[in-house]
Structures are given as structure tokens and as C-alpha cells.
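So the structure is just underneath, and the comments pick up after that.
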Amino acid sequence: MDNGPPRGTRDLLPDSVARREAVMAELAGSYARFGFRRIETPCIEDLSRLSWGEGGDNEKLIYKILRRGLDPVVAAGIALGDLVDLGLRYDLTVPLTRFYANNAGKLPLPFRAMQIGPVWRAERPQRGRFRQFTQCDIDTVGEPSVLAEAELLEATLTALGAIGIEGVTVRVNDRRLLAALAAEVGVSESALRAFYVILDKLDKIGWNGVRDELVEQGHSGAVGGRCEQIVSLISGAGSPDGAIARAADLLPGMAESVLTELRETFDALSRVGAAAPPGALTACLDTTVVRGMGYYTGQIFELAHPDAPSAIAGGGRYDDLVGRSLGKKVPACGISIGFDRVVEMARFAPPDLGVALLHSAEVPRWEVLEMARRVRLEGDSATLVSRRGQLKVQLATLQSAGYSSFVVVEPGGVSERRPLRG
RNA sequence: GUGGUCGUAGCUCAGUUGGCAGAGCGCCAGGUUGUGGUCCUGGAAGUCGGGGGUUCAAGUCCCCUCGGCCACCCCA
């Protein structure tokens, strides 16, 4: 009998949970100091809300839930839509927009939300990639200016710093810049999505691969070449400001406001970097950052770290998403930390398990319980441990398990409470 | 969803052309020690991921299936 959890999910042992809780508390504490308030939404949502047509692939990844009360045997030819009506959320952003639309009247403007919770995607699992995983999300709803982006990035970098993660690279791009690039090289509106996906793969397949795939998609050979020319010139500028200046020259179709906002974001990042330890933060304009979710409308971000194989955080502006639920356009922006990807990288002090009360079987049980009670009344943790084997071996085991002190209770009496030391 | 690769004790892994299921560590017991990982002796423990097939005989060969890892796809 296989007692393992379902594929792509994990059991978490006490030490893992202790680490996760401690890291989570640090992140949440950091976010709270920026004014983000924690909310919770259900794990399930109406399927129609989760699969509103954005990205056919994403819909396939949703875990769908059968309607209640179906007959044990369903008729042949019945449509899937008649069998399922709910689904497990695949991110925290879509539920947030429903939450906001439902509660807008009780929320301040702008509303800064923090969410920490599990999401599900029915992907093929790999290391660092699960079917159930945890996101740490912060979002600002109702702030149209780039103040939201600057604040979200600073909060995320501060939170990562609080758990000891430094040397982060912030890759910034803008969906409007991407659209201007596509227009400039002659990619039609309908081919936009596929064009973005190919561009996103540049760091994996190189320019040769990008050109090949563009041709495969039916673009002329000139598209790839022109694309490479523009992207290389921008990324070769050496500084974000230089990159923005070149982007302005090369992509005349882009609105001035896009450039201004990018400058503001980089200015904010450089100020954050100046206040942080040297090397803790680098930022660049990377015109190949795309982000998978289709709902982004403005600046988009991906945070990379040399120790992480893939992005540790990502996000961006999604000004049209709340409007789908609320019926009235409300600007919004958010960033999500991939909790499962940063938790192992985080600085972590194991919790103190307190006092181990080593008792032999000869000691009356009530006496041991009484002792433990007294320890707990003093505010410490106490755990009853049966005395067995060699004392020195048992003490060493307890020490490495996380206990900080011990008491030996024997029929002859009770020892002093002594510290366990390495 | 597609392709590759692996799956033997709690853990890390050996296991030859198919021929009695193994080691180290850990765990348990006893001795030594007697308030800090000593040493010695002994012990428990595996339907060899699961199912089917070939064979006198399968951990080993074949098929299916489940799971891990890797590359796609996509993403945090």
C-alpha cells in the first residue's frame, strides 16, 4: 500500500512546518509594516470566474469540482460544463478581484491586501514545482499611479531581505512596451500572445531559436531579425535609464507616459538599493520578460536569484481585471512571492522546544505531569520524554532535536534544570 | 498533456550470464560508561513501488500501472 500523498503534493514534517511558519511570519510582518492587511478567500471559486477565457492552457490546469448530487452513473454525451461548476483557485489574484468587487464598500481606497495561501495547478510536477503550492501575494487596488509599483517592489524586497535573501535581480518590463515592440516589428494583434511566449524563451533558446520559432509561427524572417536588433540595443544600454532612452528612440509608438512610469520605477528601485547593503539589489529593463498571465496591462516584474532555478517572485499591473467583476474599472497591481521556492533559501532560526522532562517509569505519572505544568505556568514549553538508553546519548539526541534544557526525574529525586549545549 | 530516466530495510545505496535478500548509517536490547554524541555484543526490520507475463527458477527479462527526477509545455 502506498501511503504517499497525491502526486505533486507533499506531507510536511514538524521541522518543515516550523521553518515555513517562521519564514511566513517574517514575510507577513514585513508586509504589514507597509500597510498591507491580510485577507482570506476560499480555495474554491466558480469555475466560470476561473476560466474566463484567458489562455486555453490555463484552463486545462484547473482542478474542477463535480456538482453535488449527480447520479452515480452519468449519461453519455453529457457536457463537462454540466458536470462541474466549481474549481480550485490557480492563483490569488483572480480571487482577490472577486473579493474586492464583493467588499469594495467596506474597504479603504486604495486597498492594500496581503494573501498567503495554497493554490493548485494540475501540472506535471518537478523539483520546485508542485500541484499544490503556496503564494505570498500583496496587491494594491485602486492606485492608478506608479506609486503602487514602487511600493509593492520595495515591500517585496524588504520582505525578502527580512528572511535573509539578498542579491535579488529585479527584471522590469511593461506590457505596453511589448505591444509597441510587436507593432514595430510587424506582429499582428492576433499573434501577440504567441509572439510573447516565444520572446519569453529567449534566455533558453537564444536568438536562433527565437527566429526559428517565429518563422514556424508564420512570421517573415525579418520579424525575428528586427526584434533581435531592437531588444539587443535596449538591453545593451548598460543602465535602466539608458535602456529606456533607447526604447523611446526605437519604439516611437510607445506613449510618453510608459517611459515616465518606467523611469519612476527604476528611480524608486535605485533608492531602495542605495539604502540596502551593497550588491543586495540590481534592477534592469528586460524587454523579454512577459509573464504568463494574460491579465497584465502595464509594468510587469520578475525577481530572480542566483540560487533559484526560476523566478522567486513575479507580478505586475492588471488595470482591467477588477472591472470584470465590479463592472467599473479599478486599477490594480500586485506581486506574488513563490513561497515554496524561497522558504528553503531563507535564513531560519529553529524554534526552541523548551524543557525536556526525562522521567523513568518508576516515577508516578501525576508527579511528572505536575512538574510539566509548573514549567508551562512559567511560560516555557515542556515535553515529557521517557528516560531510556544512555543518558549522554539521549541528551545529545534531544539537543539536536531542538530542546534547550532538560530535567531528569527519577524516583530518588529531581535534578536541576540544566541547559543542553552543543 | 509529450518524451527520457530511475524505483531494493527508516535513510544512502550494493546486488555479476536469471539461482537462498545484502552493506553502512539510523533504530531497539544488553554490557561498559555514570549528567553530553565512547566502545563492545546482540536484535528487529524489505509482498525488491504495484499488477500481469516468460521461466524449473525473476530484484534481474517482457508488458501495463503508480510514484520520483529531468527535458518540453507552462509557471511560482
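Predicted model, so just to flag it, every value in this text is computed and none were measured. Residue numbers start from 1 in every chain, and the chains themselves are labelled A, B, ... in the order their sequence lines are given, proteins ahead of strands. These values consider heavy atoms only, across backbone and side chains, with no hydrogens, waters or symmetry-generated copies.
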Looking at Arg387(A) and Glu410(A), is any side-chain nitrogen of the basic one under 4.0 Å from a carboxylate oxygen of the acidic one?
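Answer for the salt bridge query: no.
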Using a strict threshold of under 4.0 Å (side-chain N to carboxylate O), is an ion pair present between Arg271(A) and Asp267(A)?
yes
Quantified in whole Å, what is the [atom1] atom distance between nucleotide [N] and nucleotide [M]?
N: rC66(B); M: rG52(B); atom1: C1'; value: 15 Å
N: rG59(B); M: rG51(B); atom1: C1'; value: 16 Å
N: rU35(B); M: rU41(B); atom1: C1'; value: 25 Å
N: rC11(B); M: rA45(B); atom1: C1'; value: 13 Å
N: rG68(B); M: rU8(B); atom1: P; value: 14 Å
N: rU55(B); M: rA71(B); atom1: P; value: 42 Å
N: rU60(B); M: rG53(B); atom1: P; value: 14 Å
N: rG46(B); M: rU2(B); atom1: C1'; value: 35 Å

Taking C-beta and beyond as the side chain, do Leu96(A) and Ile39(A) meet within less than 4.5 Å on heavy atoms?
yes
Which part of the nucleic acid does [X] contact within heavy-atom distance under 4.0 Å: base, sugar-phosphate only, or nothing?
X: Gln135(A); value: sugar-phosphate
X: Pro6(A); value: nothing
X: Val197(A); value: sugar-phosphate
X: Ile312(A); value: sugar-phosphate
X: Lys204(A); value: base
X: Phe406(A); value: base
X: Gly8(A); value: sugar-phosphate

Which base, if any, makes a Watson-Crick or G-U wobble pair with [N], both distances under 3.5 Å?
N: rA23(B); result: rU12(B)
N: rU54(B); result: none
N: rG1(B); result: rC72(B)
N: rC39(B); result: rG31(B)
N: rA44(B); result: none

Can you tell me the distance, in whole Å, between the [atom1] atom of [X] and the [atom2] atom of [N]?
X: Gln126(A); N: rC6(B); atom1: CD; atom2: C1'; result: 15 Å
X: Arg7(A); N: rG49(B); atom1: CZ; atom2: C1'; result: 14 Å
X: Arg129(A); N: rA71(B); atom1: CZ; atom2: C1'; result: 11 Å
X: Leu199(A); N: rC74(B); atom1: CG; atom2: P; result: 13 Å
X: Leu61(A); N: rG1(B); atom1: CG; atom2: C1'; result: 9 Å
X: Glu216(A); N: rC73(B); atom1: CD; atom2: P; result: 11 Å
X: Arg124(A); N: rC66(B); atom1: CZ; atom2: C1'; result: 12 Å
X: Glu410(A); N: rU35(B); atom1: CD; atom2: C1'; result: 10 Å

Just wondering, more than 12 heavy atoms not from Glu189(A) lying within 6.0 Å of its CD?
no
Is the count of non-hydrogen atoms from other residues, nucleotides or ligands lying under 6.0 Å from Leu391(A) atom CG greater than 12?
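Yes.
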Comparing Glu213(A) and Ala311(A) on RNA chain B - which has the more 5′ nearest nucleotide
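First, find each residue's nearest nucleotide; the 5'-ward one identifies Glu213(A).
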Which residue lies more 5' along RNA chain B, comparing Val408(A) with Ala313(A) via nearest heavy atoms:
Val408(A)
Side chain Arg317(A), main chain Pro331(A), donor-acceptor under 3.5 Å
no
Phosphate-side-chain proximity, Lys201(A) and rC73(B), N/O vs OP1/OP2 below 4.0 Å
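It does, given that an N or O in the side chain of Lys201(A) lies less than 4.0 Å from OP1 or OP2 of rC73(B).
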What residue pairs, at least two apart or across chains, pass salt bridge (charged side-chain N to carboxylate O under 4.0 Å, His left out) with a residue in residues 278-295 of chain A?
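Residue pairs with at least one partner in residues 278-295 of chain A: Arg171(A)-Asp286(A), Arg291(A)-Glu302(A).
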Which of these nucleotides, [options], is closest to any side-chain atom of [X]?
X: Leu395(A); options: rG37(B), rU35(B), rG34(B); result: rU35(B)
X: Pro125(A); options: rU35(B), rC74(B), rG68(B); result: rG68(B)
X: Arg127(A); options: rG68(B), rU35(B), rC70(B); result: rC70(B)

Of Arg49(A), Lys64(A), Arg68(A), which is the lone residue that meets salt bridge (Lys or Arg N to Asp or Glu O under 4.0 Å) with Asp85(A)?
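The option that passes is Arg68(A).
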